[in-house]
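Have a look at the structure below before the remarks.
Each chain gets a letter, A, B and so on, in the order its sequence line appears, and its residues count up from 1. These numbers come from the heavy atoms of this one structure, side chains and all, not from hydrogens, waters or symmetry mates.
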Amino acid sequence: MIQYKASRERIAITFKKDERLDNTSGTFYDGLQCNVLILEDNSTKVCLLDCGCISLDYYAVNAVKTKIRKATGIPDCNIILWTSQINPSAKTPDFKESETIGQFIEILSEKLAEGVKKAYENLEEVHLKTGKINITDLNLNAPYNAKLSSEGSRENENSTENELITLSLWDKRNELFALLVNYTISPANRIAYKGIFSKGINDYLFKYIKDNFGNLPVILFGNGPWGNFNHPDDPDPGQADDFENAERTANSLGTYIIDTIRNSSLLDGKIRFASLKSKFPQRVITQHKEFETILQGMAVNNFALVTFPGAFSRESGLEVKKLSPYDNTMVIGMANSHLGYEITQLSHDAEDILLKQARAIIDNLKSQSIKVMERRAADNKYLHKDFHLALNLLLTYIFDNFGKDAMTDYLRNFARVYYSPLNQGIKSGDKEILVNHFKNIYEKEEWPVEITSDNNTIVITQQACPGISHILKKGMKPCPYYRETYNTVNQTICMNTPFEYIMEYFNDETGACKQKFIRREAKL
Amino acid sequence: MISCTDFIPAYSEGFKFLEMTGGRKEVEKFWSYLSEIYLKDTLGELVSRDGLAGCYAYWSHSLNEEAADFTMILDEIKSEFIIDMHKCPSKGMLNEIKHIEPYPSYCEHCPALYAPVVEKCGYKFEYDLSLCHKANCYLRIKTDK
């Protein structure tokens with residue numbers, strides 16, 4: 001099974017000047033965090049950041065990624081940053097030209113890069129599990145669905161997203177190390193009159209999980225595709241908006257999360273990653289403006305996650321899950337940018353563009369996870385030099401266990417049986433049969449050799465043996481008396497024929513040698 | 001020199017020699033030795049590092065060099081690696097050489113060599129040699145969850 005390593009960190013990102021002093025939110029107004037998870041197999045590193053603020057635009061996200069890359073070497077395209085909390089504490093860096101926002105991004109990037117670097121220095125072995133549950137009796141999104149339905153929105157009951165998916169990481173002691181939860185909670189359930197309800201849900205949720213698994217695990221919450229944004233000034237009737245409701249909601253959801261974690265299955269597979277830069281046109285076409293962003297995807301075994309670069313519809317999320325061959329496919333919204341956060345921001349075909357891009361991500365991941373190779377014998381040349389290694393080990397085994405005589409007996413037996421047609425052939429005295437045999441061998445081996453002959457003699461000279469050369473190249477040692485693969489074999493080939501085999505010299509270290517086949521009658 | 005293209009008959013005759021010398025036990029002992037000495041550092045290293053993708057890398061190299069006729073599938077989503085060998089070059093060669101009798105259990109060296117290596121890395125090794133006389137076999141390596 002593949003060995004994964006991971007590290008985790010909670011990075012405080014609340015700005016002092018942004019902290020509210022009225023404390024109307026009680027203990028839950030305890031500052032914002034970015035929960036970080038770094039995961040790697042031996043070749044791919046990924047960094048996931050669940051940033052507890054309302055949203056970050058593409059420029060801010062890029063600034064963060066650049067800083068993290070410089071601090072850790074993790075490539076920008078393997079860093080996913082999403083936002084998951086509605087909270088007035090962290091300002092939305094919409095106005096990148098503004099000096100204040102510029103400072104905000106600078107400070108945020110520094111804090112995150114520093115935290116990720118610290119985490120990166122403490123990687124430890126983990127194993128991964130994923131679980132999924134369909135929640136049908138906890139209709140958190142009912143008020144939102146009802147509202148959309150009454151407005152004639154294209155979202156309807158069929159597009160209700162009930163799937164809750166977890167990716168859990170466990171340390172060597174089998175303790176929960178980190179957790180990524182993916183569930184779609186619509187803004188109607190996340191925004192309350194004081195604008196901090198979602199943080200309440202998250203805080204209660206994390207508390208619930210920690211009550212079960214201890215205080216150490218870092219928990220990331222990836223909200224699914226939100227659908228259309230529901231403005232806080234326009235709450236749904238009956239919308240939950242207080243901390244009691246937040247706690248009730250979180251606890252209900254928490255039981256499902258615990259069940260999902262407990263019924264998770266082990267993951268084994270390389271970390272597959274895909275990212276795709278894309279552009280979304282603005283709705284006001286006269287401005288000819290396009291928003292740059294990036295979609296990303298990650299897959300391990302039957303788990304995958306695909307990011308949506310903002311607040312896109314749950315229908316698109318469901319479509320992506322339908323497209324995905326991975327059983328547990330998370331769709332995480334508000335990742336890498338906040339497109340669609342303003343409802344009139346994007347052109348009407350934004351969802352179609354999104355689906356096209358998401359399909360490309362899924363296809364890319366799938367092409368990494370599933371590989372098929374079909375070959376016919378004629379497609380390749382037959383030359384597997386590693387067979388020299390296996391033969392050398394066979395000779396070594398016989399030599400070590402039964403001695404030199406047994407080794408030469410084996411070679412003699414083999415040559416007598418296998419080269420019997422050659423032996424029969426040269427009994428006629430036709431030396432060309434021998435010449436052709438050796439030319440053929442060296443051609444197949446693609447090895448330089450000098451073969452000369454006259455009426456009575458064939459001389460084969462080589463500067464090195466292809467077998468010994470390959471054995472040495474692979475860091476192995478040729479068997480003692482490897483020369484017998486020449487001497488014994490060729491003597492056996494010549495047995496009861498008009499030819500005699502003479503090995504003039506043989507260098508045991510390189511296999512450089514000179515061999516002669518002499519007509520016996522000429523020798524006399 | 002025994003050319004690497006003549007290795008297969010040399011291998012088959014080697015198994016016969018070992019069986020004649022020490023019985024079937026000796027052949028199996030040699031297979032274990034080969035598995036431990038040779039495959040641990042090649043296949044074993046790839047699989048312990050890359051899992052089933054390591055199997056794909058290992059056999060991509062060797063089966064192409066051996067000019068085998070096969071379909072190989074790495075499916076990390078299902079956690080399985082499959083080789084459907086339509087025509088094994090080794091067994092095919094032995095079948096074609098009319099003047100030598102292949103070692104009767106020749107094909108058994110494959111599971112004997114590979115299974116211990118992948119099982120040590122946490123995988124299940126399944127195989128079907130029922131058609132191996134036709135140089136056709138099937139192997140599947142799965143994550144042992």
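With sequence neighbours left out, the side chain to side chain donor-acceptor pair (under 3.5 Å) criterion links B:Lys78 to no other residue.
Side chains of A:Thr396 and B:Tyr33 form a contact here, defined as non-hydrogen atoms less than 4.5 Å apart. Under the 4.5 Å side-chain criterion, counting only non-hydrogen atoms from C-beta, A:Met373 is in contact with B:Tyr56. Looking at B:Lys87 and A:Arg376, their side chains never come closer than 4.5 Å, going by heavy atoms from C-beta outward. Between A:Tyr397 and B:Leu34, every side-chain heavy-atom pair lies at or beyond the 4.5 Å cut-off.
Here the side chain of A:Tyr410 pairs a donor or acceptor atom with the backbone of B:Ala10 at under 3.5 angstrom.
Neither the backbone nor the side chain of A:Leu395 comes within contact range of chain B; no heavy atoms are under 4.5 Å apart. Both the backbone and the side chain of A:Ala406 come within contact range of chain B, each with at least one heavy atom under 4.5 Å from a heavy atom of that chain. Only the side chain of A:Leu411 comes within less than 4.5 Å of a heavy atom of chain B; its backbone N, CA, C and O stay farther away. For chain B, the nearby parts of A:Ala390 are the backbone and the side chain; heavy atoms of each come within less than 4.5 Å. Interface remark: A:Gln368 contributes backbone atoms only to the contact with chain B (heavy atom separation under 4.5 Å). Heavy atoms of A:Arg483 lying under 4.5 Å from chain B are absent altogether. Of the atoms belonging to A:Phe402, it is side-chain heavy atoms, and not backbone ones, that fall under 4.5 Å from chain B. With a 4.5 Å cut-off on non-hydrogen atoms, A:Val489 touches chain B through its side chain but not through its backbone. Of the two parts of A:Asp41, neither the backbone nor the side chain holds a non-hydrogen atom closer than 4.5 Å to a non-hydrogen atom of chain B.
Most heavy-atom pairs under 4.5 Å with chain B, from the set A:Asn301, A:Ile2, A:Ile370: that is A:Asn301. Options A:Asn487, A:Leu394, A:Asn302, A:Ile441 differ in how many heavy-atom pairs under 4.5 Å they form with chain B, and the most are formed by A:Leu394. The greatest number of non-hydrogen atom pairs below 4.5 Å with chain B, out of A:Pro325, A:Gly511, A:Ser265, is found for A:Pro325. With chain B as the partner, the residue from A:Asn413, A:Asp386, A:Asp379 showing the most heavy-atom pairs under 4.5 Å is A:Asp386. Among the candidates A:Asn401, A:Asn490, A:Leu391, the residue making the largest number of heavy-atom pairs closer than 4.5 Å to chain B is A:Leu391. Comparing A:Glu445, A:Lys371, A:Gln3, A:Glu374 by how many heavy-atom pairs each has under 4.5 Å with chain B, the most go to A:Lys371. With chain A as partner, the option from B:Ile82, B:Asn64, B:Leu63, B:Thr143 having the largest number of non-hydrogen pairs under 4.5 angstrom is B:Asn64. With chain A as the partner, the residue from B:Gly122, B:Ser60, B:Ala68 showing the most heavy-atom pairs under 4.5 Å is B:Ala68.
In this structure, the separation between CD on B:Glu76 and CD1 on A:Ile271 is 10.5 Å, given to the nearest 0.5 Å. Summarising the geometry, atom OH belonging to B:Tyr123 is positioned 6.5 Å from atom CE belonging to A:Met1; distances are rounded to the nearest 0.5 Å. Here the CD1 atom belonging to B:Ile2 is positioned 7.5 Å from the OH atom belonging to A:Tyr482, to the nearest 0.5 angstrom. Here the straight-line distance linking atom CD1 of A:Ile398 with atom CD of B:Glu26 works out to 9.5 Å at 0.5 Å rounding. Remark: A:Met476 CE to B:Asp41 CG distance equals 8.5 Å, nearest 0.5 Å. How far OG of B:Ser3 is from NE2 of A:His388: 6.0 Å, rounded to the nearest 0.5 Å.
Here the closest heavy-atom approach between residue A:Ser369 and residue B:Ile77 is recorded as CB-CG1, 3.9 Å. Here the shortest heavy-atom pairing between B:His99 and A:Val417 reads CD2-O, 3.2 Å.
The aromatic rings of B:Phe7 and A:Phe387 lie parallel to each other, with less than 30° between the two planes, well short of the 60° mark.
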